[in-house]
A.B. asks: 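Encoded as structure tokens, here's the structure I'll be asking about.
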Amino acid sequence: GVAPGTYNLIVRYVGYNESQTSVTLVAGQTATVNVALSQGGLDLNTIVVSASRQAEKVLDAPASISVIDAREIETDVVQTAISVLRNTTGVDIARTGVDRTEVVLRGFNNAFSGSAFMLTDYRQAAVPSLNVNLHSIMPNTPIDIERIEVVRGPGSALYGPGVDEGVIHFITKDPFAYPGTTLSFSGGERNLIGGQLRHAGVINERIGYKITGFYSQADDWEIPGDEDVVPLPGDVRDRDYDFNKMNVNGTLTYR
């Protein structure tokens with residue numbers, strides 16, 4: 001009873017990604033359409049590790065936690081991975097440059113914030129000598145992040161003294177689970193040009209490796225001032241606003 005013509009056939013099923021295909025019928029014709037559906041994720045109760053330093057369901061964790069997964073990170077264009085959190089509940093972000101960002105979870109922001117406890121793959125990510133979070137040099141390239149866990153609340157009982165304003169944990173992609181090569185390019189205002197590279201592989205069943213790289217250049221924000229004022233030597237208005245950054249990281253994993 002289907003009239004001749006061209007139809008758009010849509011197939012949906014719970015737990016699978018939608019499939020669309022075009023079917024053209026002529027008078028008296030019977031058409032058979034085979035459809036293969038790929039599995040889709042159902043985010044029911046995410047597993048987190050940052051609240052209790054062990055795997056547990058997010059609803060069972062003894063703290064308020066937000067989890068940003070790889071899909072959300074990959075669809076955002078950022079100069080540093082921390083900028084992905086700008087719309088996360090309870091996170092205060094202050095932009096002080098093209099790739100310079102200050103982040104706090106509880107309390108007031110400042111020029112060199114180290115109050116939030118930063119982790120990358122279970123290791124402290126702040127500059128050890130200064131206890132300052134320099135996100136632009138952390139080894140967490142956006143295309144290499146599996147997920148980001150944000151714990152709002154004190155964590156000194158698990159992470160030591162001074163961890164009273166929350167934890168931000170970057171978990172990167174394991175080369176065993178995510179082998180292959182990924183390239184990403186970006187561009188925008190202020191002559192921004194950027195590129196990211198990730199290559200991961202497995203040598204044998206116990207040894208894996210990955211190499212990540214990030215490059216960007218742009219015109220940084222200028223300090224406003226009176227154009228009639230002649231800058232003195234060392235004046236901040238006489239600074240170089242050309243921004244260039246290159247970050248290369250290598251990881252060898254033994255399982």
A.B. asks: How does the hydrophobic cluster around Phe176 look, that is, which other residues are in it when side-chain heavy atoms under 4.5 Å mark a link?
C.D. replies: Val202
A.B. asks: Regarding Asn17 and Ser38, do their side chains bring together a donor and an acceptor under 3.5 Å, going by distance alone?
C.D. replies: yes
A.B. asks: Can you list the steps and then say if His169 with Tyr122 is a ring pair (Phe, Tyr, Trp, His ring centres under 6.0 Å)?
C.D. replies: CA-CA 7 Å; His169 191 177; Tyr122 310 94; 4.9 Å; yes
A.B. asks: Identify, with sequence neighbours excluded, every residue that meets ring pair (Phe, Tyr, Trp, His ring centres under 6.0 Å) alongside Phe170.
C.D. replies: none
A.B. asks: By the salt bridge (Lys or Arg N to Asp or Glu O under 4.0 Å) test, which pairs, at least two apart or in different chains, include something from residues 193-219?
C.D. replies: Asp144-Arg198, Asp144-Lys210
A.B. asks: May I ask you to check whether over 12 heavy atoms, not counting those of Gln20, lie within 6.0 Å of atom CD?
C.D. replies: yes
A.B. asks: Are the side chains of Asp92 and Val103 in touch, meaning some heavy atoms are under 4.5 Å apart?
C.D. replies: no
A.B. asks: Flag the pair Phe214 / Met246 as yes when at least one side-chain heavy-atom distance between them is below 4.5 Å, and no otherwise.
C.D. replies: no
A.B. asks: So which atom in Ile207 and which in Asn204 form the shortest heavy-atom distance, rounded to 0.1 Å?
C.D. replies: N-OD1, 2.9 Å
A.B. asks: On a heavy-atom basis, which atom in Gln29 and which in Thr24 lie closest, and how many Å separate them?
C.D. replies: OE1-O, 3.8 Å
A.B. asks: Can you name the residues that form a ring pair (Phe, Tyr, Trp, His ring centres under 6.0 Å) with Tyr215, not counting sequence neighbours?
C.D. replies: none
A.B. asks: Applying ring pair (Phe, Tyr, Trp, His ring centres under 6.0 Å), name anything that partners Tyr254, two or more places apart in sequence or on another chain.
C.D. replies: none
A.B. asks: Using only heavy-atom distances, determine whether the side chains of Thr80 and Ser136 contain a donor-acceptor pair under 3.5 Å.
C.D. replies: no
A.B. asks: Quick one: are Gln196 and Thr182 in side-chain contact, heavy atoms under 4.5 Å?
C.D. replies: no
A.B. asks: Using a 6.0 Å cut-off, check whether atom OH of Tyr7 has over 12 heavy atoms from anything other than its own residue.
C.D. replies: yes
A.B. asks: Is there side-chain contact between Pro4 and Val26, with at least one heavy-atom pair below 4.5 Å?
C.D. replies: no
A.B. asks: Classify the angle between the aromatic ring planes of Tyr209 and His199 as parallel (below 30°), tilted (30 to 60°) or perpendicular (above 60°).
C.D. replies: tilted
A.B. asks: Give a yes-or-no answer on whether the side chains of Asp242 and Asn244 include a donor-acceptor pair shorter than 3.5 Å.
C.D. replies: no
A.B. asks: Can you sort out the partners of His135 under ring pair (Phe, Tyr, Trp, His ring centres under 6.0 Å), two or more places apart, ordered by chain and number?
C.D. replies: none
A.B. asks: Quick one: do Arg12 and Glu18 make a salt bridge, cutoff under 4.0 Å?
C.D. replies: yes
A.B. asks: Check each of Thr89, Leu105, Val67 against Val150 using the side-chain contact (heavy atoms from CB on, under 4.5 Å) test, and report the only one that passes.
C.D. replies: Leu105
